[in-house]
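Numbering starts at 1 and runs along the sequence shown.
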Amino acid sequence: MDAVDQVIVGLLKSDGRLPHREIARLSGISRSVVAARMHRLLTSGEVVVRGVVHPAVLGRSSLAHVGVAVSGRADVVAERVAERSDVPFVSLTAGPYAVVAELRTGSPRDIDEALAAIRLLPGVRALDTLPYAEVIRDVVGPTGAVATTVDATDVALLRALQDDGRASYVELAAVVGLSPAGVRRRVVRLLEAQVVRVGALVRQSGDDPQVALGIGIRLGGGHEEVVAALLGLPAVSFLARTWGRFDAVATLRTFTPGALLEALDAVRSLDGVADVESWSHLRFVKETYAAPALQP
């Protein structure tokens, strides 16, 4: 990606349903260039725009970060962990653990059962688990409280947005049997209520220029000021408060190693940050926040 692509992707991360004309207005790039760039990025699979449903709506309010120590080939273990439907994210890393994963389940008991099953996988030596106290910024999905309930029509819309976050209101109307205006009202309500968020996700395969770093943060005092400062850093794509050996876990993503180093130094320099440990994401084996519960 060049600088123009990065600007477009940055806007799509904030709102994946922005029309071409609005992206052109906000970026100062011509509409024709925006359309051509977006077509290339989306058709290549380098960028996907997806609607991600709030975990609480799906009955998956218990989440945890899991470091996996392995014997033998880490990629084989990572692929086995990635087969689980309650694991939306798996990465091969350079750091304390060869594999890092995330669990999203319905209860602490489900977390416990999932960990027991992962421990039994061939090649797994040990697990290090950090339950999430609160997800403050998700890679794509919404955070915070959910302010509405959903019916069968909403679920059908969520399923369609999960498949294609940029589907037009006309296309969505054909799926659920409503008028485009009626669909628009429902989609706006679901977005405003934090039931779903539509955003861009850049595929990180290890062969592209994007670089990513996981960090564990220990705090020297209260977390409110540090969290606010972390949210102000553009490189922070994920942030959660955790229980355990870290007070918070975050992911930094940039397009150059230099920018990544600057972001890491910015985190270390924040008032209230006592210590930072990091691990490099070498290849994302799985990063899909599609919910099996929404599958037809």
Side-chain angles (χ1 to χ4, degrees), residues 1 5-6 9-10 12-13 16 41-53 55 60 63-70 73-104 114 118 121 123-124 127-130 132 135 137-141 162-163 165 197-216 234-240 242 249-257 259-261 263-264 277-292:
M1 289 189 189
D5 289 336
Q6 293 174 32
V9 169
L12 289 173
K13 284 183 177 181
L41 291 168
L42 295 174
T43 56
S44 69
E46 188 175 2
V47 175
V48 295
V49 177
R50 172 169 289 150
V52 178
V53 180
R60 295 194 166 194
L63 292 76
H65 176 279
V66 184
V68 185
V70 308
R73 291 186 61 94
D75 57 344
V76 174
V77 173
E79 293 290 350
R80 287 169 176 156
V81 174
E83 291 173 359
R84 297 185 58 89
S85 62
D86 54 5
V87 173
F89 173 85
V90 181
S91 174
L92 291 166
T93 68
Y97 298 97
V99 177
V100 165
E102 184 178 270
L103 279 169
R104 299 194 173 198
I118 293 172
L121 292 175
V124 172
L127 302 180
D128 178 72
T129 307
L130 292 166
Y132 292 159
V135 176
R137 173 177 289 167
D138 211 344
V139 176
V140 179
Q162 178 175 266
D163 293 338
R197 181 171 176 265
V198 180
L201 181 67
V202 180
R203 294 300 192 192
Q204 201 265 12
S205 65
D207 298 321
D208 52 44
Q210 187 181 209
V211 287
L213 192 73
I215 57 173
V236 176
S237 64
F238 176 86
L239 176 63
T242 58
V249 167
T251 303
L252 307 178
R253 298 197 197 201
T254 68
F255 288 95
T256 67
L260 191 63
L261 179 59
L264 182 58
E277 291 185 19
S278 63
W279 51 92
S280 297
H281 290 288
L282 303 178
R283 178 164 65 89
F284 291 167
V285 176
K286 182 180 183 181
E287 189 177 25
T288 174
Y289 296 93

### Task
Determine, stepwise, if the pair V9 / L41 fulfils side chain to side chain contact (heavy atoms under 4.5 Å, CB included).
CA-CA 9 Å; V9 169; L41 291 168; 3.9 Å; yes

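- The aromatic rings of F238 and Y132 lie tilted to each other, with the angle between the two planes from 30° to 60°.
- Rounded to the nearest 0.5 angstrom, T254 OG1 and Q6 CD are separated by 9.0 Å.
- D138 places none of its side-chain heavy atoms less than 4.5 Å from the side chain of R197.
- The NZ atom of K13 sits 6.5 Å away from atom CZ of R253, with the distance rounded to the nearest 0.5 Å.
- Scanning both residues, A98 and A74, for their nearest heavy atoms gives CB-CB, 3.7 Å.
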### Message
Go through it in stages, so that I can follow the logic: the residues are V81 and L121, the test is side chain to side chain contact (heavy atoms under 4.5 Å, CB included), and I'd like the CA-CA distance, side-chain angles, deciding distance and then a yes or no.
### Response
CA-CA 8 Å; V81 174; L121 292 175; 3.8 Å; yes

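- Distance check, rounded to the nearest 0.5 Å: CG of L103 to CZ of R60 gives 9.5 Å.
- Under the 3.5 Å distance criterion, the side-chain polar atoms of K286 are matched with a main-chain donor or acceptor of R84.
- Distance alone, capped at 3.5 Å, places no donor-acceptor pair between the R104 side chain and the P88 backbone.
- D5 has its side chain out of reach of E46: every pair of non-hydrogen atoms, C-beta onward, lies at least 4.5 Å apart.
- Here the side chains of V68 and V100 are not in contact, with every heavy-atom distance at 4.5 Å or above.
- When all heavy atoms of V202 and V47 are compared, the closest pair comes out as CG2-CG2, 4.2 Å.
- Here the CG-CG distance, from L63 to D86, works out to 10.5 Å after rounding to the nearest 0.5 Å.
- Nearest approach of Y97 to A69, heavy atoms of both residues: CD2-N, 3.6 Å.
- Nearest heavy atom pair, residue A250 against residue L239, reads CB-CD1, 3.9 Å.
- Interatomic distance, CG of L12 versus CG of L42, reported as 7.0 Å (0.5 Å rounding).
- Aromatic ring orientation, H65 versus W279: tilted (interplanar angle from 30° to 60°).
- Here the side chains of V70 and V99 are in contact, with some heavy-atom distance below 4.5 Å.
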### Query
Under the side chain to side chain contact (heavy atoms under 4.5 Å, CB included) criterion, do I215 and V249 qualify, and how do the steps go?
CA-CA 6 Å; I215 57 173; V249 167; over 6 Å; no

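- Of all the heavy atoms in L92 and A78, the pair that sits closest is CD2-CB, 3.8 Å.
- Residues S280 and L213 have side chains in contact (heavy-atom distance under 4.5 Å, counting atoms from C-beta outward).
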### Message
Walk me through whether V49 and V198 qualify under side chain to side chain contact (heavy atoms under 4.5 Å, CB included).
### Response
CA-CA 7 Å; V49 177; V198 180; 3.7 Å; yes

